Chemist: 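Before I ask anything, let me first share the structure, which is written out below as structure tokens.
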Amino acid sequence: MLKQREKRNLILFIISYVLNNLVSGILYDTYVNYLQEVSLSIATSFWAFYGYATFISALILLFVPKTGYKKLLIFCSASCTAAFFGVVFLNWQSMFYVTTLLALTGIQLHYIMLTPYVAAYTNDAGNKNINWYTRAYYMGYVGYFLTTYLGGMLTVKMFSLRAGESYAAAKTMTTYIADVAPELKQAYLKGSQDVLIAAGILAVLSLIPVLLIKEEKQDYISLAQEAPKQSFLEKMKDMASLLFHRDAVIYLIYWSIISFAMGLFTSYYTVFLNRNLHIDRATSSLLVSISYAAIVVFMLFTPFAVKKLGTVGTICFTFLCSIPFMLVIANGNAFGRAMIPMVGVALFMRAGLANLSSPAESALTMAIAPKHLRPAYTSMINFLAGLISILSGTFTGKILFQTQEGYRTAYFIAAALYLLAAFIMIFGLWKYNRTTEEGS
């Protein structure tokens, strides 16, 4: 049974997490599209900054046993606030690097903090702790869904007000925003800035529930006491020993391929829909936001899929099934008047299928690594994810996205990489395929 203080702190964290996800919806939609106009080099290599932010967040999280969670949560809100106001009011190129890194670090740190934070306050909840994880994730996805859609809609609305045009006229103009007259382009940028300022205000508001958290030293000091007493060199030896573990290396190769593939297109949905398929900003944001709802819907079927197909079978099946939908998105303009519904369905199915297997992947990684090396293996996977994100973002920024058509080519490359990753999983790790019936 949770104490009143523990329950209160969990509720306040979830509120701050939802507000953080509201901000992240703007970041991955309006912010990225805004960078397309003011700093194309950063926009095209956005996933590299995600990699840098992952590294920084992982390092910052190591300070929890010393600082506690509350101070880091304050940092998350403060960094996002500084980023969104900075990108609008400190309008010079070097600042865009700083604001992008600050925003992504604030978002990413808040996200990876969710699991240890909930665990810290649910020690006495028994099996019911899963309910708190579920509430946090579901509410977070709802927030992400709302602002991904509202970001596009509000951008069009503010654009119409700035340009002195009707909403319908402004919406139509965003289908070919790169070709509008300079004064209209300026109005579009101003409208985008209005939305970014609103996101900055949301980031400020996310400080309120964090400041109300009543944290005690016992909430986090146990982490330092329970952590194994290892020197840095000993931890590095543990990680190095995994490189001699065949199955662990095969999974790392698989994960590297998937991470690289994801970096080619997942952050650039609205850019592709708006600038390649010429779907207006409001509609493109709506299509992407609906696809996030698929994550919640499809995860309901994860236990059934694992029961019937097993862990490895579920992972391979979902990735292979998502490939045709990726190709539909890439060739959206081939469907004529049916383009928007076809692309919308494809986005929904791809997002749902790709995330349905996430719990199965978590279970697989823990089955592969020897028990005493699981913490080291988890660290290695996160480290690798950051490195691959940087490589993927560098590839898109320096090579693939040098032309607008590169955003379409990304889907074909990613589809091929998904196919390769599935075959590596089938031929390299099939022995770990276990259904829930076999495991019971």
Side-chain angles (χ1 to χ4, degrees), residues 115 127 129-131 133-134 137-138 141 245-266 290-330 344-371 374 377-378 380-382 384-385 388 411-440:
T115 300
N127 292 333
N129 66 348
I130 192 65
N131 295 334
Y133 287 111
T134 303
Y137 279 114
Y138 269 61
Y141 279 126
H245 191 288
R246 172 188 173 275
D247 297 339
V249 172
I250 289 175
Y251 182 83
L252 290 175
I253 294 171
Y254 155 82
W255 181 241
S256 297
I257 294 170
I258 290 296
S259 297
F260 189 89
M262 287 171 56
L264 301 181
F265 67 98
T266 53
I290 291 174
S291 74
Y292 293 125
I295 298 172
V296 177
V297 174
F298 274 68
M299 276 191 176
L300 296 174
F301 296 95
T302 301
F304 175 79
V306 173
K307 181 179 180 180
K308 296 299 181 181
L309 303 174
T311 50
V312 176
T314 296
I315 295 167
C316 294
F317 176 78
T318 53
F319 276 113
L320 288 172
C321 287
S322 68
I323 291 173
F325 297 107
M326 294 165 64
L327 300 179
V328 169
I329 298 168
V345 170
L347 282 166
F348 184 89
M349 294 300 296
R350 196 224 69 87
L353 286 167
N355 287 278
L356 183 151
S357 61
S358 295
E361 287 205 44
S362 297
L364 177 62
T365 57
M366 293 300 96
I368 290 173
K371 190 173 183 180
R374 285 176 180 174
Y377 195 48
T378 302
M380 183 175 284
I381 291 171
N382 286 323
L384 188 64
I388 296 301
Y411 286 89
F412 295 105
I413 297 174
L417 291 175
Y418 270 35
L419 184 64
L420 174 62
F423 279 115
I424 288 174
M425 184 69 73
I426 291 170
F427 292 108
L429 298 173
W430 190 258
K431 66 182 179 182
Y432 291 97
N433 196 45
R434 298 286 187 275
T435 65
T436 52
E437 290 175 336
E438 292 172 333
S440 60

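None of these values were measured; they are calculated from a predicted model. Both backbone and side-chain heavy atoms feed into the values below; hydrogens, waters and symmetry mates do not.
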Chemist: Whether the side chain of Thr311 engages the backbone of Ala360 through a donor-acceptor N/O pair (distance < 3.5 Å, no angle test) should be reported.
Modeler: no
Chemist: How about Met425 and Tyr251: do any of their side-chain heavy atoms sit closer than 4.5 Å?
Modeler: yes
Chemist: Ser259 side chain to Ala385 main-chain N or O, any donor-acceptor pair under 3.5 Å?
Modeler: no
Chemist: Working to the nearest 0.5 angstrom, can you tell me the gap between Phe301 CZ and Leu353 CG?
Modeler: 11.5 Å
Chemist: To the closest 0.5 Å, what do you measure between CG (Leu417) and CE (Met326)?
Modeler: 8.5 Å
Chemist: Name the one of Val328, Leu327, Thr266 that satisfies side chain to side chain contact (heavy atoms under 4.5 Å, CB included) with Arg350?
Modeler: Thr266
Chemist: To the nearest 0.5 Å, how far apart are OG1 in Thr318 and CZ in Phe298?
Modeler: 10.5 Å
Chemist: Applying side chain to side chain contact (heavy atoms under 4.5 Å, CB included), run through Leu347 and Ile290 and close with a yes or a no.
Modeler: CA-CA 8 Å; Leu347 282 166; Ile290 291 174; over 6 Å; no
Chemist: What distance do Ile388 atom CD1 and Trp255 atom CH2 have between them, rounded to the nearest 0.5 Å?
Modeler: 10.5 Å
Chemist: Can you tell me how far the CZ atom of Phe348 sits from the CD1 atom of Ile295, to the nearest 0.5 Å?
Modeler: 10.0 Å
Chemist: Locate the shortest heavy-atom distance separating Ala414 from Ala261; write the atom from each residue and the value.
Modeler: CB-O, 3.8 Å
Chemist: Answer yes or no: is there a side-chain heavy-atom contact under 4.5 Å between Glu361 and Tyr254?
Modeler: yes
Chemist: Write down the atom of Tyr411, the atom of Ala330, and the distance for their closest heavy-atom approach.
Modeler: CB-CB, 3.6 Å
Chemist: Around Tyr418, counting heavy atoms of other residues, nucleotides and ligands shown, do more than 12 lie under 6.0 Å from its OH?
Modeler: yes
Chemist: Does the pair Phe317 and Lys308 meet the rule for a side chain to side chain contact (heavy atoms under 4.5 Å, CB included), with working shown?
Modeler: CA-CA 11 Å; Phe317 176 78; Lys308 296 299 181 181; over 6 Å; no
Chemist: What distance separates Leu364 CG from Ile315 CD1, expressed to the nearest 0.5 Å?
Modeler: 5.0 Å
Chemist: For the residue pair Ala422 and Cys316, what are the closest heavy atoms and their distance?
Modeler: O-SG, 3.7 Å
Chemist: Considering the options Ile258, Ile257, Leu429, Leu419, which one meets the side chain to side chain contact (heavy atoms under 4.5 Å, CB included) requirement together with Ile424?
Modeler: Ile257
Chemist: Please name the pair of heavy atoms, one in Gly313 and one in Asn433, separated by the smallest distance, quoted to 0.1 Å.
Modeler: N-OD1, 2.8 Å
Chemist: Could you pull out the closest heavy-atom pair between Gly428 and Asp247, with the gap in Å?
Modeler: O-OD1, 4.2 Å
Chemist: Do you know which two heavy atoms are closest between Ser291 and Ala351, and how far apart they sit?
Modeler: O-CB, 3.3 Å
